[in-house]
Amino acid sequence: MRALILTLPAVIMCCGIIWMAAATTFFANRSGRVADLRKLFSQMSLGIGAAFLIWAGVVIMLDIVKVAYPTVFAIVGAIFLFQGWAFSRFKLF
């Protein structure tokens, strides 16, 4: 069970990348506009960031591993949330 908990961030990240690849492939036929890709990338960043923060919070509360590992992923999740917000707000992509 502990191994599953420790590998969950990698699974979340892989699912986000697969979601981004599949969504851009399916939406490429309808419209390949940059705004659509920006919205999709922003949603992916926000989703992965929120998942990392929730995962880190649960792992820290349950005291499964030392606090450093989930804290690093909480920081990465916050960076993903900022990235998703910046891409949608400032149109940096």
Side-chain angles (χ1 to χ4, degrees):
M1 186 66 170
R2 183 178 170 158
L4 176 67
I5 291 169
L6 294 177
T7 58
L8 198 56
V11 172
I12 292 170
M13 192 67 172
C14 289
C15 289
I17 292 169
I18 291 170
W19 171 39
M20 182 72 180
T24 54
T25 302
F26 293 136
F27 291 140
N29 294 335
R30 295 184 192 166
S31 64
R33 294 189 335 225
V34 175
D36 294 336
L37 292 176
R38 182 185 305 122
K39 180 180 175 186
L40 186 67
F41 190 76
S42 175
Q43 289 173 347
M44 181 199 64
S45 294
L46 291 171
I48 289 176
F52 277 0
L53 284 174
I54 291 169
W55 175 86
V58 169
V59 169
I60 288 172
M61 286 186 338
L62 294 177
D63 197 27
I64 296 172
V65 294
K66 296 195 185 285
V67 74
Y69 185 69
T71 302
V72 168
F73 277 103
I75 293 169
V76 170
I79 291 171
F80 272 123
L81 285 175
F82 176 75
Q83 173 182 303
W85 172 78
F87 278 140
S88 64
R89 174 80 168 113
F90 299 117
K91 312 247 187 290
L92 296 174
F93 180 81

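Keep in mind the model is a prediction, meaning the values are calculated, not measured. Each residue takes its place number in the sequence, starting with 1.
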Using a 4.5 Å cut-off on heavy atoms from C-beta on, say whether the side chain of Phe80 contacts that of Met13.
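They are in side-chain contact.
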
With sequence neighbours left out, which residue pairs that include part of residues 40-60 fulfil the side chain to side chain donor-acceptor pair (under 3.5 Å) condition?
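Pairs touching residues 40-60 that pass the test: Ser45-Gln83.
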
Out of curiosity, does Ile48 fall in the hydrophobic cluster containing Phe87 (side-chain heavy atoms, cut-off under 4.5 Å, transitive links)?
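Linked, Phe87 and Ile48 end up in one cluster.
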
Hydrophobic cluster membership, Leu8 vs Phe52, 4.5 Å side-chain cutoff
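Yes, because Leu8 and Phe52 connect within a single hydrophobic cluster, where side-chain heavy atoms sit under 4.5 Å apart.
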
Identify all side-chain donor-acceptor contacts of residues 59-79 below 3.5 Å with residues at least two apart in sequence or on another chain.
| unit_1 | atom_1 | unit_2 | atom_2 | d |
| --- | --- | --- | --- | --- |
| Tyr69 | OH | Leu6 | O | 2.8 |
| Thr71 | OG1 | Val67 | O | 2.5 |

Please report the interatomic distance OG1(Thr7) to CD1(Ile12), rounded to the nearest 0.5 Å.
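Output value for this atom pair is 9.5 Å.
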
